[in-house]
Amino acid sequence: MNYIGSKYSLLDFLQETIENVTGYKDDESYVFADLFAGTGVVGKTFKSNGCKVIANDIQYYSYCLNKHLIENVPEMDGSLLDYLNALEPVKGFIYHNFCSGSGSGRNYFTDENGMLCDAIREELEKLYKNDEIDEGTYFYYLASLINSIDKYANTASVYGAFLKHVKKSAQKKFRLELLPVIEGEKGKVYNEDINELITKISGDILYLDPPYNARQYCANYHVLETISRYDNPELKGVTGLRDATEQKSKFCSKRTVADAFDDLIKKADFKYIILSYNNEGLMNLETIKEIMLRYGQYSFFTKDYRRFKADKDKNRNIAANSTTEYLHCLVKG
């Protein structure tokens, strides 16, 4: 997925820095926590490197993705794929609320793709509730559905708005594709507020990749949240937002971010804490340094990278093409 804040392009930098700071190498057994897990790109990398991974995210679609990537291990049953792809389209919640043919006024998916998504989502729920598939299999296919349907979304990138005309990639007929099953030790995944979860877990390395700005992920990816929960929520406004009051992050507010960060670092029972943050974030670099120095030995590393763009340059006034990613490192003691 083309995801805001994804560390896919920074994985080498992240792994090299963590090895230099901690001394841990691939295939050494240690507990790695990824508590703003997003699409799971960091957690699955460290799982494949031999770590036991603890993952968490307050967004349920992220929880679903990580339930598969972190908790499932080979061999998984892929035999349902052809059956699910052959289902007859269904006019379900996605069609009625996110497709233009329903009269909803929203154009996130073509009518056919919305109905195919509904058919697969309803069938997965039925199979799981009837105990015809186990939890691991359920999240294997649900995570794959979330990842697959995103490729057919009629958006510039995020779900803050849909496009008026259907773009080429969204016109293609939807096909469910299975995510890979990651080799490694079975981890543990949570769907909790990080400042509450941190008191219940412990480990060796805590990796933090919080939101950097005021854009809440619950608004940017609300359609994926609704597909993953499939809970028939009341939707509001032109874009069909669901109520996400309980999912709003304190890390997206300049008023609350520093206190939330300090509370998290103070409570963390981990020897090494690594924070990803860029030079345009809500917390300035001096604030981060000041907080981390309260709890141990601090250092930082930097790398320039291309900024995330949800649309073309001509549509927005973008000050710079790149930003600087900081890895703030704390040896707690």
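All figures in this text were calculated on a predicted structure; none of them were measured in a lab.
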Plane angle bin for Tyr221 and Tyr217 - parallel if under 30°, tilted between 30 and 60°, otherwise perpendicular: parallel
Which atom of Cys252 lies closest to which atom of Gln216, heavy atoms considered: CB-NE2, 3.3 Å
Modelled atom types, side-chain donor and acceptor of Tyr230 and Glu122, under 3.5 Å: yes
Side-chain heavy-atom pair Ile133, Phe139 within 4.5 angstrom cut-off: no
Donor on one side chain, acceptor on other, His328 and Tyr277, under 3.5 Å: no
Side chain Gln297, main chain Leu330, donor-acceptor under 3.5 Å: no
From Cys64 atom SG to Asn147 atom CG, the distance as rounded to the nearest 0.5 Å: 12.0 Å
Between Asp193 and Tyr190, a side-chain donor and acceptor under 3.5 Å: no
Ser228 side, atom OG; Tyr63 side, atom OH - distance, nearest 0.5 Å: 11.5 Å
CA sep, side-chain torsions, deciding dist, call: Phe32, Phe46, ring-ring contact (aromatic ring centres under 6.0 Å, His included): CA-CA 7 Å; Phe32 180 93; Phe46 279 83; 4.0 Å; yes
Check: Asp262/Tyr295 side-chain N/O donor and acceptor closer than 3.5 Å: yes
Spacing of CZ belonging to Arg121 relative to CG belonging to Leu116, to within rounding of 0.5 Å: 15.5 Å
Point-to-point distance, once rounded to the nearest 0.5 Å, from CG of Asp118 to CG of Asn113: 11.0 Å
Lys47 side-chain N/O to Ile182 backbone N/O, donor-acceptor pair under 3.5 Å: yes
Whether Tyr152 and Phe174 hold their rings parallel, tilted or perpendicular, with breakpoints at 30° and 60°: perpendicular
Between Ser104 and Asn97, a side-chain donor and acceptor under 3.5 Å: no
Any side-chain donor near an acceptor of the partner, Glu123 and Tyr128, under 3.5 Å: no
Main-chain N/O of Ser102 paired with Asp111 side-chain donor or acceptor, under 3.5 Å: no
Distance, nearest 0.5 Å, that separates OG1 of Thr137 from CG of Asn72: 7.5 Å
Atom of Ala153, atom of Tyr159 and distance for their closest heavy-atom approach: CB-OH, 3.3 Å
N-O pairing of Glu132 and Lys126 below 4.0 Å: no
Heavy-atom pair with the smallest gap, counting every atom of Met283 and Ala258: SD-CA, 4.0 Å
Atom pair CD1 (Ile120) and CD1 (Ile94), whose distance is rounded to the nearest 0.5 Å: 12.0 Å
Residues Asp259 and Lys250 bridged, charged N to O under 4.0 Å: no
Residue Lys173 excluded, over 12 heavy atoms near NZ under 6.0 Å: no
